[in-house]
Amino acid sequence: MLADLTGFTRLRASGPDLLGLLHRLSTQDLKDLAIGTGAPTVVTSAKGRIIERLFVHRAAEQDVWLCGGPGAGERVLAHLKKYTFAERTGLSDATASTAQLAMLGGAIPGLPDPGPWGVVEGTLAGVKVVVLGQDGFTSQGRSIVCAAADRPALDALGPTIDAEELEAWRVRLGYPAPGRELTEDWNPLEAGLRDHVS
């Protein structure tokens with residue numbers, strides 16, 4: 001099944017200090033994340049409550065993608081900025097300028113597979129895409145990110161399910177989602193995110 005996750009959050013960092021900052025402000029060991037790999041993490045409040053779950057993908061030395069739930073960009077950027085002093089993160093919100101399509105629970109035919117949480121570049125219908133080792137919820141599926149203007153090229157993969165079908169799929173499989181089960185009412189362990197914690 002394909003789902004359009006264009007409304008989900010995509011932040012991009014081009015600075016050398018982003019992973020070190022995230023290492024200190026989230027639940028995962030990210031400081032030595034290798035190029036081409038990634039990891040799930042949770043940005044937490046001072047009380048250890050969930051601010052946002054992020055999937056972190058290191059595409060290059062100074063090119064890191066942070067993927068979160070719908071509408072999380074402003075909240076995550078504000079939280080990280082509050083704790084940023086001399087760090088050079090080059091962090092910006094790429095949500096509006098990009099599009100994201102996910103293959104739920106599987107790989108994307110015709111594109112390189114990054115493996116769980118990984119990241120690779122590829123080409124689809126003549127369009128440059130970034131392939132992420134997650135489907136917006138788990139590492140069992142894959143996502144494609146491209147420039148927003150190139151989104152029509154992704155139609156070659158087939159029709160997408162609507163928001164109601166996506167929510168039914170998520171609930172049926174028991175995957176927590178930001179704004180639903182993943183809120184500041186809970187800490188990562190209470191929300192079942194043990195694999196997001198180093």
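Keep in mind it's a predicted model, so treat the numbers as computed, not measured. When reading the values below, keep in mind they use all heavy atoms of this one structure, side chains included, and skip hydrogens, waters and symmetry mates.
The side-chain heavy atoms of M103 and P109, taken from C-beta on, include a pair separated by under 4.5 Å. You'll find the side chain of L189 reaches within 4.5 Å of the side chain of V197, heavy atoms only. Counting only heavy atoms from C-beta outward, the side chains of T160 and L101 approach each other to under 4.5 Å. Under the 4.5 Å side-chain criterion, counting only non-hydrogen atoms from C-beta, L132 is in contact with C67.
Evaluation of the salt bridge (charged side-chain N to carboxylate O under 4.0 Å, His left out) test over residues 183-198, restricted to residues two or more places apart or in two chains, returns R49-E190. Residue pairs meeting the ring pair (Phe, Tyr, Trp, His ring centres under 6.0 Å) criterion with at least one member in residues 152-198, sequence neighbours excluded: F137-W169, W169-Y175. Each salt bridge (charged side-chain N to carboxylate O under 4.0 Å, His left out) pair with one or both residues in residues 116-127, not counting sequence neighbours, appears once here: E121-K128. Residue pairs meeting the side chain to side chain donor-acceptor pair (under 3.5 Å) criterion with at least one member in residues 72-86, sequence neighbours excluded: E52-R75. Screening residues 20-38 for salt bridge (charged side-chain N to carboxylate O under 4.0 Å, His left out) gives R24-E87, D29-K31 as the qualifying pairs, with residues at least two apart or on separate chains. Every pair passing ring pair (Phe, Tyr, Trp, His ring centres under 6.0 Å) that includes a residue from residues 88-131 is listed here, sequence neighbours excluded: F55-W117.
Counting only N and O atoms by type, the side chains of Q28 and H23 include no donor and acceptor under 3.5 Å apart. Between the side chains of T98 and R10, at least one donor N or O lies within less than 3.5 Å of an accepting N or O.
Of the possible polar contacts, none joining the S26 side chain to the T41 backbone as a donor-acceptor pair under 3.5 Å is found. Under the 3.5 Å distance criterion, the side-chain polar atoms of D135 are matched with a main-chain donor or acceptor of G105.
No chain of hydrophobic side-chain contacts below 4.5 Å, direct or via other Ile, Leu, Val, Met, Phe, Trp or Tyr residues, connects V42 to V56. Each of V119 and V131 belongs to its own hydrophobic cluster when Ile, Leu, Val, Met, Phe, Trp and Tyr are linked at side-chain heavy-atom distances under 4.5 angstrom. Residues L124 and W65 do not share a hydrophobic cluster, defined by chaining ILVMFWY side chains whose heavy atoms lie under 4.5 Å apart.
Taking CG of L157 as the start and CG of L111 as the end, the distance is 7.0 Å to the nearest 0.5 Å. Atoms CG and CG, on L182 and L193 in that order, are 5.5 Å from each other to the nearest 0.5 Å. Note that CG of L66 is 8.5 Å distant from NE2 of H57, once rounded to the nearest 0.5 Å. In this structure, CG on L80 lies 8.0 Å from OG1 on T89, to the nearest 0.5 angstrom. Atom CD of residue Q62 and atom CZ of residue R88 lie 7.5 Å apart, to the nearest 0.5 angstrom. Residue L77 holds its CG atom at 5.0 Å from CG of L11, rounded to the nearest 0.5 Å.
Judged as a salt bridge (charged side-chain N to carboxylate O under 4.0 Å, His left out), and not counting sequence neighbours, the contacts of R142 are D113. Residues that satisfy the salt bridge (charged side-chain N to carboxylate O under 4.0 Å, His left out) test with E167, not counting sequence neighbours, are R170, R180. Checked against salt bridge (charged side-chain N to carboxylate O under 4.0 Å, His left out), D155 has the following partners two or more places apart in sequence or in another chain: R151. In this structure E164 satisfies the side-chain contact (heavy atoms from CB on, under 4.5 Å) test together with D162, sequence neighbours excluded. Every residue two or more places apart in sequence or in another chain that forms a salt bridge (charged side-chain N to carboxylate O under 4.0 Å, His left out) with R58 is listed here: E61. Listed by chain and residue number, Q100 satisfy the side-chain hydrogen bond (donor to acceptor under 3.5 Å, both in side chains) test with S143 (two or more places apart in sequence, or in another chain).
Closest non-hydrogen pair, L30 versus L19, comes out as O-CB, 3.7 Å. The two residues P188 and I50 come nearest to each other via the heavy atoms N-CG1, 3.9 Å. Scanning all heavy atoms of the two residues, the minimum distance from L5 to G136 falls at CD1-CA, 3.9 Å. Between T9 and G69, the shortest heavy-atom distance links the atoms OG1-O, 2.6 Å. Closest approach of F8 and T95 over heavy atoms only: O-CG2, 3.3 Å. In this structure, L154 and C146 approach most closely via the heavy-atom pair CD1-SG, 3.8 Å.
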**Prompt:** Can you check side-chain contact (heavy atoms from CB on, under 4.5 Å) on I35 and T37, steps first, answer last?
**Reply:** CA-CA 6 Å; I35 293 171; T37 68; over 6 Å; no
**Item:** Worked verdict on I144 versus I108 for side-chain contact (heavy atoms from CB on, under 4.5 Å)
**Value:** CA-CA 8 Å; I144 304 170; I108 299 169; 3.1 Å; yes
